[in-house]
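The structure displayed is predicted, hence computed values, not measured ones. Both backbone and side-chain heavy atoms feed into the values below; hydrogens, waters and symmetry mates do not.
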Amino acid sequence: MHRPSALGGALAALATAAAGVLVAAAVSTTPAAAATGGTGTGYLHTSGNKIVDSTGATVRLTGINWFGMETDNRTFHGLWSSNPWRSQLDTMARLGYNTLRIPYSNDALKPGATATGINDYVNPDLVGLSPLQILDRVIDYTGSKGMRVILDRHRPTSAGQSPLWYTSGVSEATWIADWKTLAQRYANNPTVIGADLHNEPHAEGTNPAATGACWGCGDTARDWRLAAERAGNAILGVQPNWLIFVEGVSCPSGGLSNVWDGDPSNDEDCGWWGGNLSRAGQFPVRLNVANRLVYSPHEYATSVYHQAWFDDPTYPANMPGIWDKYWGYLYKQNIAPIMMGEFGTTLQDPKDKVWLQNLMAYTGTGVTGMSFTYWSWNPNSGDTGGIANDDWTTINQAKQDILQPYLIPPVGGGGNPTPTPTVTSSPSPSPTSPSPSPTTPAPSGGCTATYKQVNAWQGGFQGELTVKNTGTGTVNPWSVTWAWPSGVTLASGWNATVRQSGTTVTAAAPDWAKSLAAGASVTIGFTANGAASAPGSVQLNGTAC
């Protein structure tokens, strides 16, 4: 679970997925090829409020968090499931997430640390590896999917989140030294694009006796803005190509409002942990390497904490003004890019669906919109849940449908090599959804079908059916059908609207990707119950493949 929040004099917050400090010596890993397409080419830098690649092309990071390395398991959660780790990353890429934010803690990175909670039958390639070696493998495979990685120093230790970037057991010097070690470790791997310096700095104590993280107060022991400069510049001294992601605080003074003392000077407007960048315009983070700073606020819904603004009579019309005040102005005034490092909800409260829809609209559409990494892939985040369901295989479609129009898939993600959504059912209409075209007949010349079994377990399996239009014309809308033996039933599907009637399965084109051009392919993913079986009698719009 993940509870980062603060409101006025009341704070209800515990942060959950994490990052820490590291003392392991730098080692080399095999660099992944530079990402292309959805996440650009080469290393990234900034230009005004945009993130751009080495060619100057605008890049929008539309990612997801996969936590666990910050916990006592010291590695990614869900490795205990029946879904192999590579398959989970395949699904993330297929759904359109082009960036992976990885929280970690010092405990996961210390020499001698061991990873627990791994299903060695499903993930035999991870047996005996240290948490850091598992991280290496995840980064390399993530890069092969065309995705990027942001490392998130979320916690000093697995014991919990800290309001400041250091604790009595983990000094600032250790924090900085460990970041430099990570920067050296991945210095030649452009899959890793940057450092989220410390997760959710926040207030502690009540004013005027504040002891938490402030912004612009000038106290070197508490001023998060100054600490971010020290760490960011140290990292850039080792790896000048990295982006430096800087979160906000909760209360700029570093203390909770004292509404009981009758002194209004001790009362201030507070926001989410890590979510208040209201003073970054006046007191900007200054880095020694130009065009490397990205501000990274966090934003949550009622399932995390019921902020007062959710009860405003004008809700949700009041929300853009709140976002403008806390962090949106930095983007709108072309000061720096925004990358929302965390935002999420269970969607159990109807207000939360409205919140998520409006927040995504606020970020903008297309590659020029604000970047983000959704919280989280994990279904075991107690106050938000995940994109993955409890089986770590099927997808929470209600959430995915809201996010889908804003996702820019990585090239190599496994679906269509164009930034089109890839989910089970059609999302709500969006300004970017293409209008339906007139229906065209089956392809002249036929089609081919290729099947790949991705995974299997007792009582079920996961597969991918790739159908290529080998005809001479575009098929619009396309529809793929196949037959399964009796007893095999569909559990879930993606990249199409997939349904079953009897032994026949139909995968219909989603509204946002109806056309299948000559020579183009579509990959339909699914999970099913029953004995593992390849699709039979595959047809594209009635033409046998």
*Asks:* Under the 3.5 angstrom rule, does the side chain of N396 hit a backbone N or O of K399 as a donor-acceptor pair?
*Replies:*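 Side chain of N396 to backbone of K399: a pair is present.
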
*Asks:* Quick one: disulfide (SG to SG under 2.5 Å) pairs with a partner in residues 194-248, sequence neighbours left out?
*Replies:* C214-C217

*Asks:* Near K351 NZ, under 6.0 Å, is it more than 12 heavy atoms from other residues, nucleotides or ligands?
*Replies:*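 Yes - once you tally the heavy atoms of other residues, nucleotides and ligands closer than 6.0 Å, there are more than 12.
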
*Asks:* Hey, is the main chain of L197 close enough, under 3.5 Å, to the side chain of R153 for a donor-acceptor pair?
*Replies:* no

*Asks:* Applying side chain to side chain contact (heavy atoms under 4.5 Å, CB included) to E200 and W272, what does each step give before you reach the verdict?
*Replies:* CA-CA 8 Å; E200 296 179 349; W272 298 109; over 6 Å; no

*Asks:* Do Y315 and W309 have side chains that get closer than 4.5 Å, going by heavy atoms?
*Replies:*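 Y315 vs W309: side chains apart.
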
*Asks:* What I want to find out is whether R74 reaches D107 closely enough, with some N-O distance under 4.0 Å, to be called a salt bridge.
*Replies:* no

*Asks:* Is any side-chain heavy atom of M92 closer than 4.5 Å to one of L89?
*Replies:*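 Yes, close enough: below the 4.5 Å cut-off.
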
*Asks:* So, T345 and W355: side-chain donor and acceptor under 3.5 Å apart, yes or no?
*Replies:*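 No, no side-chain donor-acceptor contact under 3.5 Å.
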
*Asks:* Working to the nearest 0.5 Å, report the span between CH2 of W215 and CD of E247.
*Replies:*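 Rounded to the nearest 0.5 Å, the CH2-CD separation comes out at 10.0 Å.
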
*Asks:* Knowing that exactly one of T363, T99, T39 qualifies, which makes a side-chain hydrogen bond (donor to acceptor under 3.5 Å, both in side chains) with R60?
*Replies:*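 Going through the options one by one, the only one that passes is T363.
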
*Asks:* Side-chain contact test, heavy atoms from C-beta onward, threshold under 4.5 Å: evaluate it for V52 versus T58 and give yes or no.
*Replies:* yes

*Asks:* How are the rings of W175 and W165 set to each other: parallel, tilted or perpendicular (split at 30° and 60°)?
*Replies:*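 Taking W165 first and then W175, their aromatic rings sit tilted (interplane angle of 30° to 60°).
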
*Asks:* Any chance you could measure N65, atom CG, to R101, atom CZ, to the nearest 0.5 Å?
*Replies:* 4.5 Å

*Asks:* Between P337 and K50, which heavy-atom pair has the shortest distance, and what is it?
*Replies:* CG-O, 3.4 Å

*Asks:* Using modelled atom types only, decide if a donor and an acceptor are shared between the side chain of N207 and the backbone of G255 within a distance under 3.5 Å.
*Replies:* yes

*Asks:* Before you tell me yes or no, could you show the steps for F372 and T62 under side chain to side chain contact (heavy atoms under 4.5 Å, CB included), namely the whole-Å CA-CA distance, both residues' side-chain angles and the distance that decides it to 0.1 Å?
*Replies:* CA-CA 5 Å; F372 57 83; T62 63; 3.7 Å; yes

*Asks:* Between W242 and W179, how do the two ring planes meet: parallel, tilted or perpendicular, split at 30° and 60°?
*Replies:*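 Plane angle over 60°, so perpendicular.
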
*Asks:* Would you say the side-chain atoms of N288 pair up with the backbone N or O of N233, donor to acceptor, closer than 3.5 Å?
*Replies:* no

*Asks:* Would a distance-only check, ignoring hydrogens and angles, find a side-chain to backbone donor-acceptor pair under 3.5 Å from Q88 to G78?
*Replies:* yes

*Asks:* Quick check for you: to the nearest 0.5 Å, what is the distance between I139 atom CD1 and R185 atom CZ?
*Replies:*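 Result: 8.0 Å between the selected atoms.
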
*Asks:* Compare all side-chain heavy atoms of V304 with those of W273 and state whether any distance is below 4.5 angstrom.
*Replies:* no

*Asks:* Would you mind reporting whether Y43 and Q239 have side-chain heavy atoms less than 4.5 Å apart?
*Replies:*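 They are in side-chain contact.
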
*Asks:* Would you say K325 and D269 make side-chain contact, with heavy atoms under 4.5 Å?
*Replies:*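 In short, these two side chains touch, coming nearer than 4.5 Å.
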
*Asks:* Check the angle between the aromatic planes of W327 and W323 and answer parallel, tilted or perpendicular using the 30° and 60° thresholds.
*Replies:*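 Answer is tilted, since the angle falls between 30° and 60°.
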
*Asks:* As an exercise, state the distance from CG of D349 to OG1 of T302, rounded to the nearest 0.5 Å.
*Replies:*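 Going from CG on D349 over to OG1 on T302, the span is 4.0 Å.
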
*Asks:* Could you check whether the rings of F67 and H77 sit parallel, tilted or perpendicular, using 30° and 60° as the cut-offs?
*Replies:* perpendicular

*Asks:* Determine the minimum heavy-atom distance between I193 and R148, stating which atoms define it.
*Replies:* CG2-NH1, 3.5 Å

*Asks:* Using 30° and 60° as the class limits, which term best fits the ring planes of W85 and Y141: parallel, tilted or perpendicular?
*Replies:* perpendicular

*Asks:* Taking the six-membered ring for Trp, are the ring centroids of Y374 and F343 within less than 6.0 Å of each other?
*Replies:* yes

*Asks:* Is there a side-chain contact between I102 and M69, using heavy atoms and a 4.5 Å cut-off?
*Replies:*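 Of all side-chain heavy-atom pairs linking M69 with I102, at least one is under 4.5 Å.
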
*Asks:* Take R225 and R286 through the side chain to side chain contact (heavy atoms under 4.5 Å, CB included) test and state the conclusion after the steps.
*Replies:* CA-CA 9 Å; R225 173 246 197 168; R286 300 156 297 184; 3.3 Å; yes

*Asks:* Any side-chain donor-acceptor pair under 3.5 Å between Y300 and Q307?
*Replies:*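 There is no such pair between these side chains.
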
*Asks:* Can W66 and F76 be said to form a ring pair (Phe, Tyr, Trp, His ring centres under 6.0 Å), step by step?
*Replies:* CA-CA 7 Å; W66 190 7; F76 299 88; 4.7 Å; yes

*Asks:* Any donor and acceptor pair, going by atom type alone, linking the side chain of N106 with main-chain N or O of V170 inside 3.5 Å?
*Replies:*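 Side chain of N106 to backbone of V170, a donor-acceptor pair under 3.5 Å: no, none is there.
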
*Asks:* To check you understand the geometry: which heavy-atom pair defines the closest contact between F245 and S296, and what is its length?
*Replies:*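 Looks like CB-CB, 4.3 Å.
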
*Asks:* Roughly how far apart are S105 OG and N73 CG, rounded to 0.5 Å?
*Replies:* 10.5 Å

*Asks:* With no hydrogens and no angle check, is any side-chain donor or acceptor of S376 less than 3.5 Å from a backbone partner on G386?
*Replies:*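 Checking the backbone N and O of G386 against the side chain of S376, no donor-acceptor pair under 3.5 Å is found.
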
*Asks:* What distance separates N49 CG from I335 CD1, expressed to the nearest 0.5 Å?
*Replies:* 9.5 Å

*Asks:* For Q348, what residues pass the side-chain contact (heavy atoms from CB on, under 4.5 Å) criterion, not counting sequence neighbours?
*Replies:* T346

*Asks:* Give a yes or no answer on whether the side chain of N378 reaches the backbone of N380 with a donor-acceptor pair at less than 3.5 Å.
*Replies:* no

*Asks:* Yes or no on side chain to side chain contact (heavy atoms under 4.5 Å, CB included) for L164 and W224, after CA distance, side-chain angles and deciding distance?
*Replies:* CA-CA 8 Å; L164 299 171; W224 168 235; over 6 Å; no

*Asks:* Can you list everything that forms a salt bridge (Lys or Arg N to Asp or Glu O under 4.0 Å) with D324? Sequence neighbours excluded, please.
*Replies:* K332

*Asks:* Could you walk me through whether S81 and N83 pass the side-chain hydrogen bond (donor to acceptor under 3.5 Å, both in side chains) check?
*Replies:* CA-CA 5 Å; S81 74; N83 195 8; 5.6 Å; no

*Asks:* If I compare all heavy atoms of V59 with all of S371, which pair ends up nearest, and what's the gap?
*Replies:*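 Nearest pair, atom of V59 first, then S371: O-OG, 4.4 Å.
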
*Asks:* Are N189 and D140 close enough that some pair of their side-chain heavy atoms sits under 4.5 Å apart?
*Replies:*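 Touching, per the 4.5 Å side-chain cut-off.
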
